[in-house]
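Numbers here simply count residues along the sequence, with the first being 1.
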Amino acid sequence: MEEETLSKLGHSKTSLKRIRYEFAKNSSGQFQADDYPHHIEKYSDIKYHCDDCAGSPSTRRNCKVANCPFWPYRNGTNPFHGGNGQKARGVVLG
C-alpha cells in the first residue's frame with residue numbers, strides 16, 4: 001500500500017511504540033493504560049493480535065476497520081518500508 005493512500009486513511013509513518021499508544025486510546029482520545037498492548041514487540045506480533053480480533057487469518061487480511069492504528073500492519077509487515085506493503089482492497093477513500 002502506498003504512503004499517500006495510508007495518509008488519506010489517517011495513518012502516517014511512526015514508531016511501533018507510538019502505534020501501540022494510539023491503540024490504547026479510548027473513543028474520547030484519552031490513553032487507557034490497561035489497554036496498552038504490551039504483548040506487541042514487533043510488527044509480526046500485530047498479525048497475531050489481528051487474527052485474534054478478526055477471528056481468522058482470512059478475515060484479518062480483508063479487515064475493513066481502516067481507522068484502527070494496527071490496520072496498515074495487520075499482515076505483520078511495515079507498509080512504510082518499500083516493497084513489502086500491499087495494494088488496498090475494498091477500501092473507500094472518501
Q: Check Phe23 against His49 and note the closest heavy-atom contact, atom names and distance.
A: CZ-NE2, 3.5 Å

Q. Taking all atoms of both residues into account, what is the closest heavy-atom pair of Asn75 and Lys47, and its distance?
A. O-CD, 3.7 Å

Q. So which of Arg60, Arg74, Arg61 actually passes salt bridge (charged side-chain N to carboxylate O under 4.0 Å, His left out) with Asp51?
A. Arg60

Q | Side-chain (Asp45) to main-chain (Lys42) donor-acceptor, under 3.5 angstrom | A | yes

Q: Can you sort out the partners of Tyr73 under ring-ring contact (aromatic ring centres under 6.0 Å, His included), two or more places apart, ordered by chain and number?
A: Tyr43

Q. Does a sphere of radius 6.0 Å around NZ in Lys25 hold more than 12 heavy atoms from other residues, nucleotides or ligands, not counting ones at 6.0 Å or beyond?
A. yes

Q) For Thr59 and Ser56, which heavy atoms make the closest approach, and how far apart are they? A) OG1-OG, 2.8 Å

Q: Mind checking the NZ-CG spacing from Lys13 to Leu6? Nearest 0.5 Å is all I need.
A: 12.0 Å

(Q) Would you say OH of Tyr48 has more than 12 non-hydrogen atoms from neighbouring residues, nucleotides or ligands within 6.0 angstrom? (A) no

Q. So how far is it from Ile19 CD1 to Ile40 CD1, rounded to the nearest 0.5 Å?
A. 9.5 Å

Q) Can you check side chain to side chain contact (heavy atoms under 4.5 Å, CB included) on Asn78 and Leu16, steps first, answer last? A) CA-CA 10 Å; Asn78 184 344; Leu16 185 57; over 6 Å; no

Q. Quick one: SG on Cys68 to CD on Glu22, what's the gap to the nearest 0.5 Å?
A. 11.0 Å

Q) If we only count heavy atoms from C-beta on, is the Phe70 to Pro37 side-chain gap below 4.5 Å? A) yes

Q: Measure across Arg20 and His38 and return the closest heavy-atom pair with its distance rounded to 0.1 Å.
A: NH1-O, 4.3 Å

Q. Do you reckon Tyr21 sits in the same ILVMFWY cluster as Trp71, going by side-chain contacts under 4.5 Å, direct or chained?
A. no

